[in-house]
Novice: 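Following this message is one structure expressed as structure tokens.
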Amino acid sequence: MSTEHKSLKQIINFRLEKLADIRESGFNPYPHNYNKTHTAEEILISYETFEGKSISIAGRIVAMRKMGKASFFHIQDETGKIQMYIKRDNVGTELYNNLFKKLDLGDIVGIEGIVFKTKTEETSINVEQLTLLSKNIRPLPNLKEKDGEAFNAFDDKEHRYRNRHLDLIANPDVKLVFQTRARIITLLRNYLDNKGFVEVETPVLQSIYGGASARPFTTYHNTLDQNLFLRIADELYLKRLIIGGFDKVYEIAKNFRNEGMDKNHNPEYTSLEYYQAYADVHDVLKLTERMIRETAKAIGKLHVKFGKYEIDLSKPFEQKSMAELLKDKTKKDVFSMNREELQKLVKSYNIDVEDKMNYGQLFDKLFGEIVEPDLIQPTFVMDYPKEISPLAKEKRGEDSKIVERFELFIGGMEFANAFTELNDPIEQRKRLEEQAKLRELGDDEAQVVDENFLQAVEYGMPPTGGVGIGVDRLVMLLTEQTSIKDVLLFPAMRPEV
RNA sequence: GACCCAGUAGCUCAGUCGGUAGAGCAACGGCCUUUUAAGCCGGCGGUCGCAGGUUCGAUUCCUGCCUGGGUCACCA
């Protein structure tokens, strides 16, 4: 407490003095529990059934109007705010003077009292018993408001993200976003459970990482005396479970990617991956589309405002092949180009390219620059080049350059990635070895050869469809938040100095 | 990583064409028994993000740095 400036120190000292006074008067400022009978919301919604009745309620004092021998204050519980009326002649001089008068904004109290309405028709509780449940000694931000509109709102983003507890107290809408996030995840889980999927957990700490193209975080295990990686994906483990005989599995997994952060990326984020044996990419596409639509419907967000876009999740999502989308833009058959021709084309769009970029990187770049930003309404992009899809199976009946894969784009952002999974062990080994070569040539996001995984596939993997969904992004969409930081309770921040 | 914007009291902000700062709220003392951004009176509270430079003098001008936001780049 030594780093505090005088003004803050003064406030804290005054509160510590009050805390001592309260103790001296025989009140316990930090009791162990409180039995409350109702929430603010229940009483506000059904006033008629509560009028004149005695109830108990608990919450934080967020507004106070002391008027000598009687006072009003609001307490806020998880469900909302409700007004209290306390009169010295009702509760007695001792409680009023020695406890109530020592209370501050931010204190948590339990109240017993009679439900009534003031002359301005505000539902209130006439306090009969007041119990201090937790004494606040550090001042909260301003909580003044009128007609639901905050004055001097607590809206400095840095302050809010670093002190989410204050954000949640001061900005009730924030709590709503995270309540909705919890509902979305429950809905996704229920959807898959009802379809017979089994929820599993796979290692976060891995001695070899894989399943995606990304740079990992590294850590160290003392007893094993070895470096470990935090997972960048759970794909290869879930496929081992398919090989082991689980026909439908899923995991809601935190992944960790050692990359930049912006409004769509956080170093740790939540993915939902699910795999279904004997299914292909078209089967899991249908499942994915239905799951997203059902989830959106359940929370009443089939139509969302996402940044400057109005997104319609109620209509069937479009399906377009990558080649078709590129042809619309370039008037060229991009898939038949070699690396050099592709590089020339990318450069012709004034896109920054480095000479060492390989075919896959060039392809990704071009698509990301000229097509992705225009994919506003939900669109499944189908049929990717093999070079950038080392875990996907070749498209049936086509030349060998294309794989069965989709990515789902909404609002110009990627939401899902799925394949008909490659289950030919010889081909899979070849593809990972090609990735290893790219690594050697300096592509530090190319995938690594996971021998244990390859051997697992050699035992025989059924035909399988698999999908990964970005849960945070789905929550962003369905809560209409344009920054990932606003759907993460504790987004990654640099440490304070 | 590049550029732009911001950082002043516990909170939200104003301000200083260079002379070491102001408001509202909160907090403190007083008055007040139906208020609701309660009100009235009084007095507190500041390393003006950090470090240098220019200057008689810097919170203000310049440079660097830190943190956050935004745009772009990188990255799924």
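Atom set for the values below is all heavy atoms of this structure, side chains included, hydrogens, waters and symmetry mates excluded. Below, chains carry the letters A, B, ... as their sequence lines are ordered, and counting in each starts from 1. Values in this document were obtained by computation on a predicted structure and should not be read as measured data.
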Novice: Between B/G68, B/A9, B/A38, which one does the side chain of A/Lys144 approach most closely?
Specialist: B/A38
Novice: Can you tell me whether the side chain of A/Glu158 and the base of B/A6 have a donor-acceptor pair closer than 3.5 Å?
Specialist: no
Novice: Please list, in numerical order, the residues of residues 55-79 of chain A that have a heavy atom closer than 4.0 Å to any atom of RNA chain B.
Specialist: A/Arg65, A/Lys66, A/Met67, A/Gly68, A/Lys69, A/Ala70, A/Phe72, A/His74
Novice: Looking for any heavy atom pair under 4.0 Å, which part of the strands does A/Met413 touch: base, sugar-phosphate only, or nothing?
Specialist: nothing
Novice: Tell me whether the side-chain N/O atoms of A/Arg162 come closer than 4.0 Å to OP1 or OP2 in B/G68.
Specialist: yes
Novice: Need one value for A/Lys485: base, sugar-phosphate or nothing, where a base atom within 4.0 Å counts as base even if backbone is also close, heavy atoms only.
Specialist: sugar-phosphate
Novice: A/Asp156 side chain to A/His159 main-chain N or O, any donor-acceptor pair under 3.5 Å?
Specialist: yes
Novice: Report the relative orientation of the aromatic rings in A/Tyr85 and A/Phe116; use parallel for angles under 30°, tilted for 30 to 60°, perpendicular for over 60°.
Specialist: tilted
Novice: Among B/U34, B/A76, B/C28, find the nucleotide with the atom closest to the side chain of A/Lys18.
Specialist: B/C28
Novice: With respect to the phosphate group of B/G10, does any side-chain polar atom (N or O) of A/Ser7 fall under 4.0 Å of OP1 or OP2?
Specialist: yes
Novice: Just say parallel, tilted or perpendicular for the rings of A/Phe256 and A/Phe217, cut-offs at 30° and 60°.
Specialist: perpendicular
Novice: With nearest nucleotide decided by heavy atoms, which residue, A/Asn126 or A/Arg15, maps closer to the 5′ end of RNA chain B?
Specialist: A/Arg15
Novice: Measure up the A/Phe363 and A/Phe335 rings against each other and bin them: parallel (under 30°), tilted (30 to 60°), perpendicular (over 60°).
Specialist: perpendicular
Novice: Checking A/Phe453 now: which residues fulfil ring-ring contact (aromatic ring centres under 6.0 Å, His included) with it, not counting sequence neighbours?
Specialist: none
Novice: NA contact type, A/Asp156, heavy-atom cut-off 4.0 Å: base, sugar-phosphate, or nothing?
Specialist: sugar-phosphate
Novice: Quick check: on RNA chain B, is the nucleotide nearest A/Glu121 upstream (toward 5') of the one nearest A/Arg257, or the reverse? Name the residue that is more 5'.
Specialist: A/Glu121
